[in-house]
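The structure appears right after this line, and notes come after that.
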Amino acid sequence: MCGIVSIHTSEHSLDDKSSQLDDMLERILHRGPDSEGKVHVKNQVLLGHRRLAIIDLEHGQQPMVSEDNRYTLIFNGEIYNFRELRSKLNSEYSFQTNSDCEIILALYKEKGIDFIDDLNGIFGFVLFDEKKNEYLVARDHMGIIPLYMGWDKHGTFYVSSELKALEGV
């Protein structure tokens with residue numbers, strides 16, 4: 001199972017939080033030994049991912065960015081019906097991978113947050129919309145894939161797929 005971590009703030013620059021993201025990713029190394037990805041988006045969001053490669057081994061690296069560079073996603077889990085959802089898309093979306101999680105970017109672009117009930121699977125994710133400067137945090141309906149969230153004393157918001165990553169925050 002992969003691991004995700006994110007740091008979000010509206011008041012402070014995240015330049016000083018980069019090493020904190022590295023520490024958080026190091027604490028969940030066991031969740032994704034195949035690769036590590038991180039991105040600093042708009043000076044307010046840091047997204048990190050530890051990958052256990054299962055689907056689309058060559059192209060499924062994360063954070064994943066939409067073809068128009070508007071949306072950035074970190075994802076943990078599996079979408080069982082991603083092929084079916086992909087075949088039913090009404091809008092044009094140029095898929096860059098065969099990864100199950102990329103359907104989230106396409107569906108969000110087409111439907112906004114109303115796509116979540118369409119997903120059949122176990123998952124937790126953070127999606128950042130750069131144009132709106134908003135993020136969406138979601139998990140599967142049963143909570144099989146955990147997501148832990150919290151704020152520090154400065155109002156910085158943290159999300160992780162494992163509580164261990166939030167130690168000391």
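Taking Tyr158 as the reference, nothing meets the ring pair (Phe, Tyr, Trp, His ring centres under 6.0 Å) condition, with sequence neighbours excluded. Partners of Asn120 by side chain to side chain donor-acceptor pair (under 3.5 Å), not counting sequence neighbours: none found. For Tyr108, the ring pair (Phe, Tyr, Trp, His ring centres under 6.0 Å) partners are Tyr71, not counting sequence neighbours. Scored by the salt bridge (Lys or Arg N to Asp or Glu O under 4.0 Å) test, Glu110 finds no partners at all (sequence neighbours excluded). Residues passing the side chain to side chain donor-acceptor pair (under 3.5 Å) test with Lys88, sequence neighbours excluded: Glu84. Residues forming a side chain to side chain donor-acceptor pair (under 3.5 Å) with Asn81 (at least two apart in sequence, or on another chain): none. When the ring pair (Phe, Tyr, Trp, His ring centres under 6.0 Å) test is applied to Phe95, the partners found at least two apart in sequence or on another chain are Tyr93. In this structure Glu67 satisfies the salt bridge (Lys or Arg N to Asp or Glu O under 4.0 Å) test together with Lys109, sequence neighbours excluded.
Here the CZ atom belonging to Phe157 is positioned 5.0 Å from the CH2 atom belonging to Trp151, to the nearest 0.5 angstrom. With rounding to the nearest 0.5 angstrom, the CG atom of Leu73 is 7.0 Å from the CZ atom of Phe125. Put simply, CZ on Phe115 and CG on Leu127 are 6.5 Å apart, with the number rounded to the nearest 0.5 Å. Put simply, CD1 on Ile113 and CD on Glu134 are 9.5 Å apart, with the number rounded to the nearest 0.5 Å.
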> Can Val126 and Phe75 be said to form a side chain to side chain contact (heavy atoms under 4.5 Å, CB included), step by step?
Replying inline: CA-CA 7 Å; Val126 176; Phe75 174 87; over 6 Å; no
| said: With side-chain hydrogen bond (donor to acceptor under 3.5 Å, both in side chains) as the criterion, how do Thr9 and Gln44 come out once you've worked through the C-alpha distance, each side chain's angles and the decisive distance to 0.1 Å? | reply: CA-CA 5 Å; Thr9 186; Gln44 295 152 330; over 6 Å; no
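Using a distance-only test at 3.5 Å, with no hydrogens or angles considered, no donor-acceptor pair links the side chain of Asn76 to the main chain of Gly124.
Between Val137 and Met149, the shortest heavy-atom distance links the atoms CG1-SD, 4.0 Å. Met24 and Ala165 get closest at one heavy-atom pair: CG-O, 3.3 Å. For the pair Ile4 and His49, the tightest heavy-atom approach, listed with the atom from each and the gap, is CG2-CD2, 3.5 Å. Nearest heavy-atom pair, Phe123 versus Ile145, reported as atom, atom and distance to 0.1 Å: N-CG1, 3.3 Å. Here the closest heavy-atom approach between residue Leu89 and residue Ala106 is recorded as CD1-CB, 3.7 Å. For the pair Ser94 and Glu102, the tightest heavy-atom approach, listed with the atom from each and the gap, is O-OE2, 4.3 Å.
When side chains are defined from C-beta on, Ile7 does not count as touching Leu47, because their heavy atoms never get closer than 4.5 Å. Between Lys132 and Arg70, some side-chain heavy-atom pair lies under the 4.5 Å cut-off. Between Asp140 and Leu119 there is no side-chain heavy-atom pair separated by less than 4.5 Å.
Taking a 6.0 Å sphere around CD1 of Ile144, one finds it holds more than 12 heavy atoms contributed by other residues, nucleotides or ligands.
For residues 111-124, the salt bridge (Lys or Arg N to Asp or Glu O under 4.0 Å) pairs, not counting sequence neighbours, are Lys111-Asp118.
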